[in-house]
Amino acid sequence: MTEPLLDIDGLTVSFPGTPRPVVNDFSLRFAKGQVVALVGESGSGKSVTVKAILRLIEFQGGRITAGHGWLHDGKGGRIDLFACSEQQMQSIRGNRIAMIFQEPMTSLNPVLTVGFQLREAVLRHQDVTRAQADEICLEALRQVRLSEPERRLVQYPHELSGGMRQRVMIAMALACKPDLLIADEPTTALDVTVQAEILALLRTIQAETGMAVLIITHDMGVVAEIAAHVHVMLHGAKIEHGPVHQVFDRPQQAYTRSLLDAAPRLGSAPPSPPIAPVATAAIEVRNLVLRYPVRRGLFGAHRANVHAVEDVSFAVAPGETLALVGESGCGKSSLARTILRLQTPQSGEIRLNGENILGFDHSQMKAARRGIQMVFQDPYASLNPRKRVAEIIAEPLQIHGVGSPAEIRDRVAALIARVGLPPEAAGRFPHEFSGGQRQRICIARAVALNPSVIIADEPVSALDVSIQASILELIEEIQVEFNVAILFISHDMAVVEKVADRVAVMYQGELIEIGPRDAVLRAPAHPYTRQLLDAVPVPHPSLRRDRPAAPRLIASPIHPVDAPPSVFVMDEVGPGHFLRRDRDN
Amino acid sequence: MLGYTVRRLFGVIPVLFLVSLLVFALMQAAPGDPVSMLISDEASAEDRARAAEAWGLDQPAPVQYLNFVRNALNGDFGTSFRYREPVMALVLDRLPATLELALFATLLAVLVGIPLGVLSAARPNSVLDSIGSVVGFFGISMPNFWLGIMMILVFSGYMNLLPSSGREPWGMGLDRVTGFLTLDAVLQGRWDALAQALRHLAMPAIVLGTSMMGIIMQVTRASMLENLGEDYIMTARAKGLSGRTVLWRHAFRNALVSVITITGLEFGALISGAIIVETVFSWPGIGLLLIQGITFRDFPLIVGLVLIYTSLFVLMNLLIDLAYSLVDPRIRMR
């Protein structure tokens, strides 16, 4: 055993008013320079555990009721974190143990510059001048491979992308050269390509500095990418731990095995059955262009355009699922909003069952909306908390005046049963349900009107992996039963592989590749598609490969006002598999 | 930001235009004849007609309004019926008194309300928090005319500590430079006059600022509690920052946006509240002038004053909007 760093022994955390401790008798031994993953689903107590290590949980009302947390100083001395005064803890936080959080978008103070927030941590723990502190900050920013570090210092967080902000968070943590870095779901909120970069960065920095890393995650792919040891938590207790290969190859607990199995894995889906060609597509988009104006100057003159959707065309047949993949900001959501006519495009056509809905007036559009329904990403935010489930599902039927009250009641009851909820769910409120159950309610609401098209915007990315699978199955069953076309928006390639018949890849508002699922995922024709696939976390630690730790450069989506609508040529590279021809050639 | 300011200032023009039209129309609709205010009741019909002609009151209402607008564009807001002086001169003479009172009241409200709100939020349900909410509710629910009368009764009547009315004692002999007595006293090194001015300001400012203080305290507390639950507070704590730094540097900077909003909105209420307080304390400001103008049906004076109130309100809102962009870099004024 190498030099010990942190011994957590019997940690128990309770919240006043809850009968059971949230973390119960948790122990963890940590050696210097080790990379340990703590794995569990939401509610397993993993976040509470790490916040308890830094005694941050006390600010959220939690109380450490038992246990010791011995932090070794490397010279034979040790200190019990759980018995320290707040003052002692302040000298340890950010100095010997640093922490980064899940949400880079909200974890930096929006009204202070990046430089100020970095410098503040340095000045707090090191006896240096302001100029020396700035030098340390620049060094840390270079270490996290952020471009133009000098400029970053004077920028505000909102001027940076999510991945850049997470790099700033890591730089902040590294600035004082901690012995232990705690990373609480550091990549969950990021795009898959950015996730790969951040994990590679953490790996590189760990190798460079030799600090220990405790990474908290629900994603076994992240574990496979980075960890040497794994601890699995369930209901506030540790149920299994061991070296990463042992846990992946010979999981001892059924729960660990289910976690490993549940994680959708690229390359595991069976080949899709061919879809019979149909005369009329359920939804067809032709040469759609959507641009947002950029206004600047004294009178808000229209100076440039952001090209959100640029000459996009595709069609989805009844009963078919087209997956739309791409990073955040690539225009997937703008496209969905345009199809729902929540945004008015500059040009193009949207044909619902052959009719161009862009020419519809108000009353025609109301009728047409019956044909397009939506399932949103966040089932917690997309259900009205003051309405009962039956009212929520009945609402679209009432709006479109479908049937008598008795008929609507029967239809709602049938739908509730169809999505696998108990009949008594009808009278309950959304907050009484788990995330997965809520998404079932959303699905029932979406199919209530027998739509031709359902747009599902990341419908499972807010859910635990073990629940994802069952929701995806439900969506597929519903699709067969109602013969509905599904436009499935996702950034998760493994999920896409599971549900899609065809895949369309978007990049900066443009459709760069579209084709049958197996063709696009197994034989990607566009380099960006290959990048997306390469970024997917490996399913097993032995498949780890080197990835670059520096971020990719991204071109600006802002174009001059008078830029003519682009016309892209799609070349057929395989049966039904099209690749956008580059503008250069 | 400069462009934004310029555009906003241009935006004030139609507002002032509409307000003047509205006030003019209301005055026309009010019963009674302004000529009777200009001339003795016993005057002959001929004299009355001459007076009406001299003041332009014989013209049809739209013509009167157009005349008013034409003169106003040249900086002439008419002559007060009662004081027989140009309205602008009257208003500008009295405006500093009201502004000084309002500024001191705001200062008091901000200096007491904000720290109380922040500290209450730092330890919810503590003793300090309880004291804070008592003070806050007292401030919000206390009618200021009653508070003013009670303070006069106690501090002037029984204890004879503070003057009950006016801005300065007789014969203080302070030269008017800015019209702000405290500022004039400091500029001329007249410390005795400064003390006198502050003694006169104390009660009206406290009475006027109390309700604003209560509201600012409550808003600060609520906004702080909200911000203390944000993710970046956890980041700040994880850096090892002390509780005080987290509170003031991180949470308060973010809470400031709502505090500024409410301070700006309340400043409007404060200016209208000043009308009552000025009456109670015989404070020679534009509030008192307005009351007198209304009593005497002094049309030009009322219109002029309402336009001044509107301008003050609009200007304050502009300042608030500009302050936002200083506090929160995400808000960019375009």
Side-chain angles (χ1 to χ4, degrees), chain A residues 50-51 53-60 86-113 116-118 120-125 154-159 168-169 172-173 175-176 178 182 184 189 295-301, chain B residues 1-11 118 121-126 223-261 321 323-334:
Chain A
V50 292
K51 281 183 183 150
I53 294 176
L54 274 179
R55 300 266 302 275
L56 289 170
I57 199 66
E58 289 164 35
F59 294 103
Q60 298 184 332
E86 170 63 19
Q87 217 134 48
Q88 282 173 302
M89 277 316 296
Q90 284 174 9
S91 67
I92 291 170
R93 285 186 204 130
N95 190 18
R96 297 211 52 210
I97 305 178
M99 185 157 175
I100 57 177
F101 298 91
Q102 174 171 0
E103 267 297 340
M105 303 311 271
T106 55
S107 293
L108 288 167
N109 193 329
V111 303
L112 300 173
T113 60
F116 185 95
Q117 298 185 56
L118 277 166
E120 172 179 71
V122 175
L123 290 176
R124 173 78 188 164
H125 298 295
V154 295
Q155 281 183 313
Y156 286 95
H158 67 97
E159 298 171 62
V168 169
M169 286 293 290
M172 202 151 45
C176 291
I182 299 176
D184 187 359
R295 294 184 186 282
R296 286 197 196 113
L298 183 55
F299 293 97
Chain B
M1 188 131 125
L2 184 70
Y4 176 77
T5 313
V6 170
R7 253 176 301 131
R8 276 289 297 265
L9 286 175
F10 274 117
V118 170
R123 294 178 193 283
N125 304 322
S126 66
S223 179
M224 282 296 286
L225 281 178
E226 193 189 316
N227 278 293
L228 282 170
E230 294 286 339
D231 290 343
Y232 56 78
I233 294 297
M234 201 48 98
T235 309
R237 291 196 202 285
K239 276 194 266 188
L241 299 178
S242 70
R244 197 185 304 143
T245 311
V246 171
L247 196 63
W248 288 99
R249 196 186 282 169
H250 285 269
F252 181 61
R253 276 290 301 264
N254 281 282
L256 213 50
V257 170
S258 4
V259 176
I260 287 176
T261 308
D321 286 351
Y324 283 155
S325 59
L326 291 182
V327 170
D328 191 335
R330 285 169 300 180
I331 301 173
R332 278 183 49 210
M333 296 301 163
R334 306 199 192 131

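Note that the structure is predicted; figures quoted are calculated from it, not measured. We use all heavy atoms of the structure for the numbers below, so side chains are in, but hydrogens, waters and symmetry mates are not.
- In this structure, CE in Met234(B) is found 7.5 Å from CE in Met99(A), a value given to the nearest 0.5 Å.
- Top candidate by heavy-atom pairs under 4.5 Å with chain B, chosen from Val111(A), Thr113(A), Thr106(A), is Val111(A).
- The distance from atom NZ of Lys239(B) to atom CD of Gln90(A), rounded to the nearest 0.5 Å, is 13.5 Å.
- Most heavy-atom pairs under 4.5 Å with chain A, from the set Thr245(B), Leu241(B), Leu228(B): that is Leu241(B).
- Between the CZ atom of Arg237(B) and the CD atom of Glu58(A) there is a distance of 11.0 Å, given to the nearest 0.5 Å.
- In terms of non-hydrogen atom pairs under 4.5 Å with chain B, the most contact-rich of Glu159(A), His125(A), Glu103(A) is His125(A).
- The OG atom of Ser242(B) sits 5.0 Å away from atom CZ of Arg124(A), with the distance rounded to the nearest 0.5 Å.
- Interface summary for chain B: among Glu86(A), Glu120(A), Met89(A), Lys51(A), the most heavy-atom pairs under 4.5 angstrom belong to Glu120(A).
- In this structure, no portion of Val257(B) lies under 4.5 Å from any heavy atom of chain A.
- If you take NE2 on His250(B) and CD on Gln117(A), they are separated by 6.0 Å, rounding to the nearest 0.5 Å.
- Using a 4.5 Å cut-off between heavy atoms, Ser91(A) makes no contact with chain B at all.
- Considering every non-hydrogen atom in both Pro110(A) and Pro329(B), the closest pair reads O-CG, 3.4 Å.
- In this structure, the separation between CD on Gln102(A) and CG on Asp231(B) is 8.5 Å, given to the nearest 0.5 Å.
- In terms of heavy-atom proximity, Arg249(B) sits nearest to Asn109(A) at O-ND2, 4.3 Å.
- Side chain of Ser107(A) to backbone of Tyr232(B): no donor-acceptor contact under 3.5 angstrom is found.
- At a 4.5 Å heavy-atom cutoff, the contact between Met169(A) and chain B is made by side-chain atoms alone.
- Side chain of Arg253(B) to main chain of Leu112(A): no donor-acceptor pair is present (N/O by atom type, distance under 3.5 Å, no hydrogens or angles).
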